[in-house]
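What follows is one structure encoded as structure tokens, with my remarks underneath.
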Number of protein chains: 2
Amino acid sequence: MTEKELNLKTAALEKISHLDYFNIAISVDCVIFGYENKELKVLLIKSDLEEFSGLYSLLGDLVRPDEDLESASYRVLAERTGLEDVYLEQVHTFGSIARHPSGRVITTAYYSLIDITHHKLQLNHNDLHWHAVNDIKKLAFDHKLILNTCLKRLRDQIMENPVAFNLLQDKFSLRELQEVYEAILDTKLDRRNFRKKIALKDWLQDLNEMETNLSHRPGKLYALKQQFKITGAGTMAE
Amino acid sequence: MTEKELNLKTAALEKISHLDYFNIAISVDCVIFGYENKELKVLLIKSDLEEFSGLYSLLGDLVRPDEDLESASYRVLAERTGLEDVYLEQVHTFGSIARHPSGRVITTAYYSLIDITHHKLQLNHNDLHWHAVNDIKKLAFDHKLILNTCLKRLRDQIMENPVAFNLLQDKFSLRELQEVYEAILDTKLDRRNFRKKIALKDWLQDLNEMETNLSHRPGKLYALKQQFKITGAGTMAE
DNA sequence: ACATAATATGTACTTACGACACATTAATTT
DNA sequence: AAATTAATGTGTCGTAAGTACATATTATGT
């Protein structure tokens with residue numbers, strides 16, 4: 001390296017390493033949605049901060065210097081749920097000065113949709129719990145705002161992209177699918193119109209199987225067509 | 001300073017910047033769109049980094065410890081264009097490890113729409129220039145990706161929300177408005193269908209004035225209804 | 001066999017979208 | 001004054017999608 005190159009590099013490093021600018025930390029927070037008992041749920045953890053004792057917060061962590069933002073959120077997700085191949089989408093970055101009581105922390109929010117039946121194991125030991133989204137009144141930090149923002153994004157997405165399916169098991173009936181949509185949108189839908197709309201999207205594969213173990217007429221089972229699975233992961237290539 | 005000293009200093013700075021979580025810097029980058037000569041333009045500055053000599057980059061700056069993210073982007077905008085009350089929307093945060101050659105810098109991208117005729121003064125002294133979006137092949141850093149992402153967002157927005165109007169002066173004809181839409185979408189639109197669609201939105205106020213100084217039949221002038229002005233600023237309350 | 005509790009499906013109405021053509025107007029030229 | 005120019009302003013028809021709404025069908029359990 002020539003002296004000139006070194007000088008340039010040094011100047012550049014000095015510019016960004018000016019002490020003040022490194023007093024900002026960056027984190028990711030994951031809004032992990034699940035679905036159970038006809039309710040949309042979100043995975044929360046008891047806050048470990050004094051200021052927020054008794055409150056729950058989203059799952060997050062500081063971003064490590066050697067991992068990119070998306071990797072950090074996948075890591076948080078994997079650490080907490082054990083799941084690897086999941087739908088994950090960046091939503092918004094929250095950077096108010098006073099949003100974290102211990103210092104300046106800017107956080108990037110991701111939302112994720114997982115099949116709640118596939119991770120039952122991991123979460124017992126921690127203070128992790130599923131909470132019905134509709135029951136959540138108050139969260140630590142600005143996490144209620146983050147949750148609302150992600151929920152809005154989710155609601156905007158589900159009719160555009162086949163993402164809601166990530167909340168369900170591989171095989172599902174149209175009734176189950178409709179119930180998922182109703183839970184996400186927090187509204188009742190007309191069955192005939194819902195089916196027409198879904199049929200139009202051409203997302204589903206008819207499995208030629210029926211539901212079992214019901215005390216009434218079983219419905220046909222469907223699966224999301226292979227080409228649409230795990231949408232969103234890696235969508236925003238960097 | 002000898003080369004040895006420089007090497008030591010560089011090494012020290014590099015070491016520091018990998019020590020802990022506060023060694024990630026955060027910046028904002030603004031994609032400032034304007035409209036002129038029936039073309040969508042974006043405000044760029046000559047990159048000051050050796051690695052990108054000859055290339056242009058977006059307008060950005062490090063976020064100060066005492067300002068929130070949105071303030072930082074408004075500050076960048078005001079510093080560069082002198083404009084204060086502008087449409088500004090957060091789009092995405094880019095956090096690849098190697099996206100900045102001098103160190104770890106995570107950046108949050110905002111896009112902004114301004115009336116190009118209202119800021120002609122400020123930008124001469126710097127290396128600031130308006131570039132036709134369609135002509136841009138390569139930018140410094142990952143700024144081409146950021147530009148593309150913001151352009152996509154802009155395109156998604158304009159039929160939903162009355163944001164394109166921020167590119168025009170207060171009074172405009174439907175032809176001018178259509179040309180703005182055509183520039184943004186990079187496509188031709190049918191005049192009758194476009195007008196129907198806009199009429200349906202009920203965004204416009206008929207000013208009962210006509211264009212002047214044309215060598216042909218003048219069109220009526222319209223303004224965006226007051227209630228829709230400066231949409232987006234502060235939309236995402238924190 | 002019957003009752004149950006759900007699935008599966010179609011029609012009529014309305015609204016939005018896309019393609020498309022002609023009359024009108026102000027300014028300019030002859 | 002008349003004709004030309006170059007644009008504005010507007011309507012229809014066919015198609016696709018959205019919404020409201022009711023009846024026949026089918027496994028199961030009794």
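FYI, side chains are in, hydrogens and waters are out, and symmetry mates aren't considered; it's all heavy atoms of this structure. Naming convention: chains lettered A, B, ... in sequence-line order (proteins, then strands); numbering from 1 in each chain. Note that this is a predicted model, so its numbers are computed, not measured.
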Exercise. Can a side chain N or O of Arg195(A) be found less than 4.0 Å away from OP1 or OP2 on dA8(C)?
Worked result: yes
Problem set entry | End axis versus end axis in the helix from dA1(C)-dT30(D) to dT30(C)-dA1(D), the angle rounded to 10°, five pairs used at each terminus | 10°
Exercise. Where the side chain of Lys201(A) meets the backbone of Met159(A), is there a donor-acceptor pair that is under 3.5 Å apart?
Worked result: yes
Exercise. How long is the line joining CD of Glu211(B) and P of dA27(C), in whole Å?
Worked result: 12 Å
Exercise. Separation of Glu179(B) atom CD from dT8(D) atom C1', in whole Å?
Worked result: 13 Å
Problem set entry | Pairing of Glu182(B) and Lys38(B) as salt bridge, 4.0 angstrom limit | no
For this session: Give a yes or no on whether the ring-centroid distance for Tyr87(B) and Tyr111(B) is below 6.0 angstrom.
Result: yes
Exercise. For the rings on Tyr74(B) and Tyr110(B), is their centre-to-centre separation under 6.0 Å?
Worked result: no
Problem set entry | Nearest-nucleotide 5' precedence on DNA chain C, Asp190(B) against Tyr222(A) | Tyr222(A)
Problem set entry | Flag for Glu179(B)-Tyr181(B): side-chain donor and acceptor within less than 3.5 Å | no
For this session: Figure out the CZ/C1' separation between Phe194(A) and dA8(C), and round it to whole Å.
Result: 15 Å
For this session: For Asn193(A), look at atom CG and say whether over 12 heavy atoms of other residues, nucleotides or ligands are found less than 6.0 Å away.
Result: yes
Exercise. So, does Arg153(B) use its side chain to make a donor-acceptor pair with the main chain of Gln90(B) at under 3.5 Å?
Worked result: yes
Problem set entry | Flag, side chain of Ser71(B) to backbone of Glu67(B), donor-acceptor distance under 3.5 Å | no
Under 3.5 Å, which protein N or O atoms sit close to an N or O of nucleotides 14-16 of chain D? Give each pair with its distance.
none

Problem set entry | Nearest-Å distance for atom pair CZ/C1', residues Arg192(A) and dT11(C) | 10 Å
For this session: Check whether the ring centres of Tyr222(B) and Trp203(B) lie less than 6.0 Å apart, and answer yes or no.
Result: no
For this session: Classify every nucleotide of nucleotides 23-30 of chain D by which part a protein heavy atom approaches to under 4.0 Å, writing B for the base, S for the sugar-phosphate alone and - for neither, in 5'-to-3' order.
Result: --BBBS--
Problem set entry | Side-chain-base donor-acceptor pair under 3.5 Å for Lys196(B) and dT10(D) | no
Exercise. What is the distance from CD of Gln178(B) to C1' of dG9(D), rounded to the nearest Å?
Worked result: 12 Å
Problem set entry | Distance in angstrom units between Leu189(A) CG and dC21(D) C1', rounded | 15 Å
Seminar exercise, completed: Here the distance between atom C1' of dG18(D) and atom OH of Tyr181(A), to the nearest Å, is 16 Å
Exercise. Of all the choices, dG11(D), dA20(D), dT7(C), which nucleotide is nearest to the side chain of Asn193(A) once you look at every atom?
Worked result: dA20(D)
For this session: Confirm from the modelled atom types if Lys197(B) and dG18(C) form a donor-acceptor pair under 3.5 Å, side chain to base only.
Result: no
Problem set entry | Euclidean distance, atom CG of residue Asn208(A) to atom P of dA8(C) [Å, nearest integer] | 12 Å
Exercise. Does Ser73(A) use its side chain to pair, donor to acceptor, with the backbone of Glu70(A) at less than 3.5 Å?
Worked result: yes
For this session: Give me the ring orientation class for His100(B) and Phe141(B): parallel if the planes are under 30° apart, tilted from 30 to 60°, perpendicular past 60°.
Result: tilted
Exercise. Between the main-chain N or O of Ala98(A) and the side-chain N or O of Ser96(A), is there a donor-acceptor pair closer than 3.5 Å?
Worked result: no
